[in-house]
2 protein chains.
Amino acid sequence: MSKLLNEISRYVRQVLEDAEISNKAPSYLIVRNAFADLIASEVISRDEKLPSERLLHETIGVSRSTLREALALLEAEGLLHRMDRRGWFVSAARVEYEPATLEGFHTFVGRQGHIPRTEVLDQQLVPVNEHTSQIFSAPRRGKLYLIKRRRYIDERPVVVEHIYLDPRRFPKLLEHNLNGSLSAVLEKTYGVRTTNADVTMYPSVLSGAVATQLHVSPSTPSLYISRVCRSKDQVVTEYNENFWHYSAIKLKLAVVRTRD
Amino acid sequence: MSKLLNEISRYVRQVLEDAEISNKAPSYLIVRNAFADLIASEVISRDEKLPSERLLHETIGVSRSTLREALALLEAEGLLHRMDRRGWFVSAARVEYEPATLEGFHTFVGRQGHIPRTEVLDQQLVPVNEHTSQIFSAPRRGKLYLIKRRRYIDERPVVVEHIYLDPRRFPKLLEHNLNGSLSAVLEKTYGVRTTNADVTMYPSVLSGAVATQLHVSPSTPSLYISRVCRSKDQVVTEYNENFWHYSAIKLKLAVVRTRD
DNA sequence: TAGTGGTCTAGACCACAGA
DNA sequence: CTGTGGTCTAGACCACTAG
């Protein structure tokens, strides 16, 4: 869209010019701010693709590196995201995720007016390693199911999930349809229900395979969330690791003091 | 330390060479992996400063940009951090933070064997804005205390905190010593106790003033955590925003299903 | 096939930190 | 004062996406 390019470059050049007089901020920050303005005022719409980097940097009048630095910053803030070799896109508003509710992906995404989808990438039986054997209190020679799923919000892939389960507890699990709610399958077929969990989260970057599966470049910032889920008897039901494209979510938590 | 430089460059060049034969991964990823190895095997120790970028990129044999890209990646993963214009440092292991416990900074940092410190940067009375007036249900013309504090783990500045409180509820608050636990002051002096809170968190980047206060460059990745704290009667006791240098922490959460 | 984003290079200047 | 990290430029090639 040549019209969009014009609007962007006109505004960004304007801001750069103003800044030259008064400001001592680096160009990439000024460019970042200008883009942030354009996104906020919806000159560039949600989910819209930006013009190509070369068109942008030439019409704006900064080097391609500087432009990319500004865009990477907006990516780190969750305002933009990239799809590998496909370009830059304005991110939709973050969906609220409450890990404390044990609420499923389809539930909370749907409730907020978005369309969820889950897709199984791979399912197999893998040997336990040091880490998983400890979590499951499983014997060293045992095996675990490993299910890898990719999940979408409004058809944008936002998270890859690795789920480990004990085949002794869930025999023939892989014969079921795992494209929906896993906890529903565990409950209906096996009568097992997760009642509590230990959650660990920290920001990181998406590495190799996961980056590819989410169609992003391998250095994309991410949010790592892992959960050890247990049933009422405190036996581990599943262990899962979620690699979130972090511009997609915002975490919420309702805290109540229980201890004194 | 010329010895450190030698060890680093020897290993990284070795890995790059090996990769040239077999691998198709980009150089900056190979360099990243090599540094990650060196950190994991403690060839470079926790908290140690890396040799200068120029020394590194020359002896390793990649351009300075490529080297910086690798280092920035490690920063985004929390393995390295920068102090503005002071260089790159290996980050200490993340401290575990459990926002759900309402436990104070000094408590959880101390319990994990680290030394916490809090420092008031600024304290003032500010007019309410649209956002804070809504949170406090405060009248439009009212004022709020705004306290800005910087907190350290082992003398490394890791978080800047903005705390809003209602002066009608806590008169003369600013006359107290606020370099310790604020909740202790609220409880002992005013008999007010926070019993529950709503927490929102998402990764972002540190902007202007906060970046300066943490001695990092303005594009450093961060974790934003805000909390609306309430007492038993559901009246807001304080509203605070925390800007974390995110390599410093790892979030933990114990979840129990309450509904259904 | 044309043009894109991803990667990479070899410079340069500046403001600031540390000696 | 010296050397550092922070910023910025003007190129280049490649693998891939989109048409």
Side-chain angles (χ1 to χ4, degrees), chain A residues 1-2 5 12 16 19-20 23-33 49-75 80-89 157 205-208 211-212 214-221, chain B residues 1-2 5 12 16 19-20 23-33 49-75 80-89 157 205-208 211-212 214-221:
Chain A
M1 228 20 148
S2 151
L5 176 62
V12 180
L16 273 168
E20 208 168 319
N23 206 320
K24 60 275 165 168
S27 308
Y28 76 92
L29 274 184
I30 298 169
V31 173
R32 183 224 88 97
N33 292 338
K49 183 180 179 307
L50 297 188
S52 85
E53 292 179 2
R54 281 172 181 81
L55 285 174
L56 283 173
H57 95 255
E58 277 163 12
T59 61
I60 288 174
V62 297
S63 72
R64 194 170 151 219
S65 331
T66 302
L67 172 71
R68 275 176 69 86
E69 199 164 357
L71 298 177
L73 199 47
L74 290 159
E75 180 185 40
L80 293 181
H81 64 271
R82 281 182 279 179
M83 292 179 68
D84 196 43
R85 290 174 194 280
R86 254 162 275 193
W88 295 87
F89 298 81
V205 301
L206 296 170
S207 60
T212 307
L214 291 179
H215 304 301
V216 299
S217 70
S219 56
T220 302
Chain B
M1 230 17 150
S2 152
L5 176 62
V12 180
L16 273 167
E20 208 167 320
N23 205 320
K24 60 277 166 169
S27 309
Y28 76 92
L29 275 184
I30 299 170
V31 173
R32 182 224 87 97
N33 292 339
K49 184 181 179 306
L50 298 187
S52 85
E53 292 180 3
R54 281 173 181 80
L55 284 174
L56 283 172
H57 95 256
E58 278 164 14
T59 59
I60 289 173
V62 298
S63 72
R64 193 169 153 222
S65 330
T66 301
L67 171 71
R68 275 176 68 86
E69 199 165 358
L71 298 178
L73 199 48
L74 290 159
E75 179 184 41
L80 292 181
H81 64 273
R82 282 182 280 180
M83 293 178 68
D84 196 42
R85 291 173 192 281
R86 254 162 276 194
W88 295 88
F89 298 81
V205 301
L206 295 171
S207 60
T212 307
L214 291 179
H215 303 301
V216 299
S217 69
S219 57
T220 302

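It should be emphasised that the depicted structure is a prediction, and the values quoted were computed from it without experimental measurement. Just so we're on the same page: letters track the sequence lines, and every chain starts at 1.
- When only modelled atom types and interatomic distance are considered, E75(A) and W88(A) share no side-chain donor-acceptor pair under 3.5 Å.
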Show the distances under 3.5 angstrom between N or O atoms of the protein and N or O atoms of nucleotides 3-6 of chain C.
| unit_1 | atom_1 | unit_2 | atom_2 | d |
| --- | --- | --- | --- | --- |
| dT4(C) | OP1 | S52(A) | OG | 3.4 |
| dG5(C) | OP2 | E53(A) | N | 2.8 |
| dG5(C) | N7 | R54(A) | NH1 | 2.7 |
| dG5(C) | O6 | R54(A) | NH2 | 3.0 |
| dG5(C) | N2 | R85(A) | NH1 | 3.0 |
| dG6(C) | OP2 | R68(A) | NH1 | 2.8 |
| dG6(C) | OP2 | R68(A) | NH2 | 3.4 |
| dG6(C) | OP2 | R82(A) | NH1 | 3.4 |
| dG6(C) | N7 | R64(A) | NH2 | 2.7 |
| dG6(C) | O6 | R64(A) | NH1 | 3.1 |

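- L67(A) has its CG atom 10 Å from the P atom of dT9(D), to the nearest Å.
- Between the C1' atom of dA10(C) and the NE2 atom of H57(B) lies a distance of 8 Å, rounded to the nearest Å.
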Side chain to side chain contact (heavy atoms under 4.5 Å, CB included), that's the test. Do L73(A) and L29(A) meet it? Break it down for me. CA-CA 8 Å; L73(A) 199 47; L29(A) 274 184; 3.6 Å; yes
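- Secondary-structure stems of DNA chain D, taken as three or more successive Watson-Crick or G-U wobble pairs (i with j, i+1 with j-1) under a 3.5 Å distance threshold, comprise C:1-18 with D:1-18.
- Checked options L206(A), L214(A), D84(A), V205(A); the residue passing with T220(A) is L206(A) (criterion: side chain to side chain contact (heavy atoms under 4.5 Å, CB included)).
- The minimum heavy-atom distance linking R64(B) with R54(B) is given by the pair NH1-NH2, 3.4 Å.
- Rounded to the nearest 0.5 angstrom, R86(B) CZ and H81(B) NE2 are separated by 10.5 Å.
- In terms of phosphate contacts, T66(A) brings a side-chain nitrogen or oxygen within less than 4.0 Å of OP1 or OP2 of dT9(D).
- E69(A) has its CD atom 16 Å from the P atom of dG5(D), to the nearest Å.
- Listed pair S63(B) / dA10(C) fails the phosphate criterion, with no side-chain N or O lying under 4.0 Å from OP1 or OP2.
- Set against dC8(C), dA10(D), dC8(D), the side chain of S65(A) has dA10(D) as its closest nucleotide.
- Rounded to an integer number of Å, the gap from H215(B) NE2 to dG5(D) P is 17 Å.
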